[in-house]
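Report on the following structure.
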Amino acid sequence: MQLYKNQELKIYNSLTSKKEVFKPINEGYIGMYVCGPTVYSNVHLGNVRTFMSFDMVFRYFKHLGYKVRYVRNITDAGHLENDADEGEDRIAKKARIEQIEPMEVVQMYTVDFHNTLNKFNFLPPSIEPTATGHIIEQIEIIKEILDKGLAYEVNGSVYFDVHKFNKTHNYGKLSGRNLEDLIHNTRTLDGQSDKKNPQDFALWKKAEPQHIMRWPSPWSDGFPGWHLECTAMSTKYLGEQFDIHGGGMDLKFPHHECEIAQAEACNNQSPVNVWMHANMLTLNSQKMAKSTGNNILPNEIFTGKNDKLSKPFSPSVTRFFMMQAHYRSILDFSSVAIEASERGFNKLMDAINTLSKLEVSKNTTNFNISSWKQSCYDAMNDDFNTPILIAELFSAVKFINQVKDEKATISQEDFDILTSTLNVFVFDVLGLQNVSDNDASGSNKLSDTVELLINMRAEARANKDFALSDKIRDELADIGIQLKDGKDGTTFTTN
RNA sequence: GGCGUCUUGGCCGAGUGGCUAGGCAGAGGUCUGCAAAACCUUCUACAGCGGUUCGAAUCCGCUAGACGCCUCCA
C-alpha cells in the first residue's frame, strides 16, 4: 500500500529551519542515516530517547509504504576524548581502565545496546555498520580530501583545513555559525600545536605508543577522526546524496557540520537533503550525560531501583511517556511525569482491550471515524507530531467507552476501520505493546488461579459473606493482584 | 563572551492571529454490599513590559529567567 501518495508529510529541516514537504530523491524509497551510540558504556535513557524518536520516524515511513534503508552506526573506535594532540580513543581508554581488550568493551556495550532497544520494542535498522569495519573507506576519503587540497598532514596526523574549505564552501551552514565568530570565540585548548587553526578537526590521528587501537595508514599507525566514520558509512550505503540524516541535537555542531564539510570536500555537493535533530531528555532540567552522572539507565526504570523513581515502569510506559512529547522539544524526566503517563497508557490499553468486545450496531453515532482517521495521519504528517496523535487516540478511547456504556453505537464497517487504525498507530507507528497480551501468553496458570479465587469471591458475595469476599480481595491486593469489579463480572490486573 | 532554543493552567505537554489540545491530579456524578477500579461531566492558561492589528497567548521589540551548543556527548 503506497499510502505516501495520499499523505503529504512535512518534516522540519534543521538545514533550513523550516518545515518542508518531504519528497524523497527516488520516489518510494528513503535513505536515512542516524548517528548511533559510542559503545563505551551502557546507554542511558537520554540516548534511548533519540533513537526512539527515529524508530518512530522509521515506523511511520514504513507504514506509509516507503521502502526505507535505515542505517544506524555503532561507533566502536576513533572517537576522540578531545581534539588535542594527546587525544585518546574513548574505547581504548575504557579498555585500559578495565584491563580488557577494546573489542571486549565494544562487544559488551553493543550487546547491552541491542538488548535495551529490544526491550523498548525497537525495529532493527536495515544496516548497522561499525566504524572499525570501515577503516579502509575512511582512509580513502582522507586521500580524496588531501587530493583536493582541503586537508594537511602534520606529524602523521591529518587535519581538515576548515579555513581553506570555507573560502569555496560555507562552513557552519547547519548550525548557523560563521567561521569569523568561531575564530573569535573558540575556547583555548591545550595541545593543539599540530593544527594550523583551532577550528580544524582531525581526519586521522597518529597513535601514541601506548595507544592500543591502531590501524596502518599512509600517514601513520593511528585511528580515524570521529566525524569521518559517518561520512564514510553514509556515503557507502546511501550514496553521495541521500534523503535524511538524523541524530541528537547535541551532534549538530560540530559533528554534523564536519560531516557536511567532509562530504562536500569529497563530492562537491551537499550530502543530505533533510537534517533532523531530536531534542534532549533532561533530568532535573539538565541534559542527561554519561560524563556528569546526571542520567538514568533503562534498567533502573524497569526495576525501579533508583532513588529518583517511586516504582518500576515498563518499557511501553516509558515509550508512551516519550511519545507524549514532540521529538524536537526538550522533555524533562521525573517520576511524577512518567506516573501520569502510566495512567494514561493504561487507559489507552484498557480501551483497546474493550474494543474487541464491543457489540456492533446498524450505524455509528457520535463519532466520525473517517475524519478521525485522517486526523491521526494529519498529526503524523505535521513533522511527526506524536502528542497530537495521542490526543486523537484518546478521542477514540472516549468513543469506545461510550459504546461500551451504550451511549453510542458503532457500525461493523466503522468498527473495522477503528480497530485497524488503532492497531496501526498504537502498535505499528508508536511501537507500544499491549501488556495484557504478555499476560495472556505467559501466565495461564496464574490467570486460571485468580479466576478460581474470583469465582469463590463471587459466591461469597452472593451469600453476603463479605468478610470472606473482602479477605480474598485484600489479600490478593497484597500480593499485587488487583481485582476490578465491572458490570460484566470481575477482572484483574497485576503490577 | 559568541550562536541558538525555550518560558502555556496544580503537574506533564501540544498548538494556533479570532474557533475544545490531550494526559495526570482536583471537583461533581454513575456504578458498587462497602471500597477500589472503570466510565461520564467539569474548573484553573498562555513569563513581564511595550508595539503592529478590528482582534495576539500566537507577529515584532525590549526585559527577566531557564536550557543547549561553542570540548566528548543521543
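The chains referred to below are lettered A, B, ... by the order of the sequence lines, with proteins before strands, and numbering in each begins at 1.
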Among the nucleotides B:rG33, B:rC67, B:rC34, whichever has the atom closest to the side chain of A:Gln286 is B:rC67
Between A:Lys407 and A:Gly344, who's closer to the 5' end of RNA chain B by nearest nucleotide? A:Gly344
Under 4.0 Å, counting only non-hydrogen atoms across every strand here, what does A:Lys347 touch: a base, just sugar-phosphate, or nothing? sugar-phosphate
Between B:rC6 and A:Arg328, counting only base atoms on the nucleotide and side-chain atoms on the residue, is there a donor-acceptor pair under 3.5 Å? no
Shortest non-hydrogen contact from A:Ile410 to A:Leu418? CD1-CD2, 3.8 Å
Could you state the CG-P distance from A:Leu182 to B:rC69, rounded to the nearest angstrom? 16 Å
If I pick the C1' atom on B:rA47 and the same atom on B:rG9, what distance separates them, to the nearest angstrom? 14 Å
Comparing A:Val336 and A:Gly36 on RNA chain B - which has the more 5′ nearest nucleotide: A:Val336
A:Met288 side chain, from C-beta outward: closest of B:rA74, B:rC3, B:rG15: B:rA74
Looking at A:Phe223, does the NZ or CZ of A:Arg214 lie under 6.0 angstrom from its six-membered ring centre and within 45 degrees of the ring axis? no
Salt bridge (charged side-chain N to carboxylate O under 4.0 Å, His left out) between A:Arg461 and A:Asp485: does it pass, once the steps are laid out? CA-CA 12 Å; A:Arg461 291 176 72 196; A:Asp485 294 331; 3.7 Å; yes
Give the nucleotide from the list B:rC3, B:rA38, B:rG33 with an atom nearest to the side chain of A:Arg457. B:rG33
Spacing of A:Met323 atom CE relative to B:rA21 atom P, expressed in whole Å: 24 Å
Atom-pair distance (CZ on A:Phe399; P on B:rC39), nearest Å: 16 Å
Under the criteria of a ring-centre distance below 5.5 Å and an interplanar angle below 30°, is A:Phe466 stacked with the base of B:rG33? yes
Base-pairing assignment for B:rG65 (Watson-Crick or G-U wobble, both under 3.5 Å): B:rC6
Heavy atoms only, 4.0 Å cut-off, all strands: where does A:Lys398 land among base, sugar-phosphate and nothing? sugar-phosphate
Is the distance from the ring center of A:Phe321 to that of A:Phe333 below 6.0 Å? yes
Taking CG from A:Leu476 and C1' from B:rA35, how many angstroms apart are they, rounded to a whole number? 15 Å
Check for me whether A:Arg72 meets the cation-pi criterion with A:Phe54, that is, NZ or CZ under 6.0 Å from the six-membered ring centre and within 45 degrees of the ring axis. no
Send over the distance from A:Leu389 CG to B:rG22 P, rounded to a whole Å. 15 Å
State whether A:Phe394 and A:Lys398 meet the cation-pi test: NZ (Lys) or CZ (Arg) under 6.0 Å from the six-membered ring centroid, and within 45° of the perpendicular axis. no
Classify A:Asn401 by what it touches in the nucleic acid, base, sugar-phosphate, or nothing, heavy-atom distance under 4.0 Å. sugar-phosphate
So what does A:Gly46 touch, heavy atoms closer than 4.0 Å: a base, only the sugar-phosphate, or nothing? base
Given B:rG23, B:rC69, B:rU32, identify the nucleotide with an atom nearest to the side chain of A:Ala340. B:rG23
What is the pairing partner of B:rG18, taking Watson-Crick or G-U wobble pairs with both distances under 3.5 Å in any strand? B:rC54
Which part of the nucleic acid does A:Ser329 contact within heavy-atom distance under 4.0 Å: base, sugar-phosphate only, or nothing? sugar-phosphate
Just call it for A:Arg343: base, sugar-phosphate, or nothing, with non-hydrogen atoms closer than 4.0 Å on any strand. sugar-phosphate
Name the pairing partner of B:rC46, where a pair is Watson-Crick or G-U wobble with both distances under 3.5 Å, or state none. none
Heavy atoms only, 4.0 Å cut-off, all strands: where does A:Glu342 land among base, sugar-phosphate and nothing? nothing
Could you tell me whether A:Met280 contacts a base, only the sugar-phosphate backbone, or nothing, with contacts defined as non-hydrogen atoms closer than 4.0 Å? base
Under 4.0 Å, heavy atoms only, any strand: does A:Ala325 hit a base, just the sugar-phosphate, or nothing? sugar-phosphate
As its Watson-Crick or G-U partner within any shown strand, both distances under 3.5 Å, B:rA38 has B:rU30
Taking atom C1' of B:rA38 as reference, at what distance in whole Å does atom NZ of A:Lys357 sit? 12 Å
Checking contacts here: which listed nucleotide (B:rA36, B:rC67, B:rG13) is nearest the side-chain heavy atoms of A:Pro387? B:rG13
Using a 4.0 Å heavy-atom cut-off across all strands, classify A:Lys290 as base, sugar-phosphate, or nothing. sugar-phosphate
Please work out if A:His255 contacts a base, only the sugar-phosphate, or nothing of the nucleic acid, heavy-atom cut-off 4.0 Å. nothing
Checking B:rG15, B:rC70, B:rG23 against the side chain of A:Phe394 (C-beta onward), the nearest is B:rG23
Of all the nucleotides listed (B:rC34, B:rA74, B:rA14), which has the minimum atom distance to the side chain of A:Asp470? B:rC34
At 4.0 Å (heavy atoms only), tell me whether A:Leu331 reaches a base, stays on the sugar-phosphate, or touches nothing. sugar-phosphate
Let me confirm one number: the OH-NZ distance from A:Tyr159 to A:Lys195, rounded to the nearest 0.5 Å. 6.5 Å
Between A:Arg49 and A:Tyr327, is NZ or CZ placed under 6.0 angstrom from the six-membered ring centre and within 45° of the ring axis? no
The nucleotide from B:rC69, B:rA38, B:rG33 with an atom nearest the side chain of A:Phe253 is B:rC69
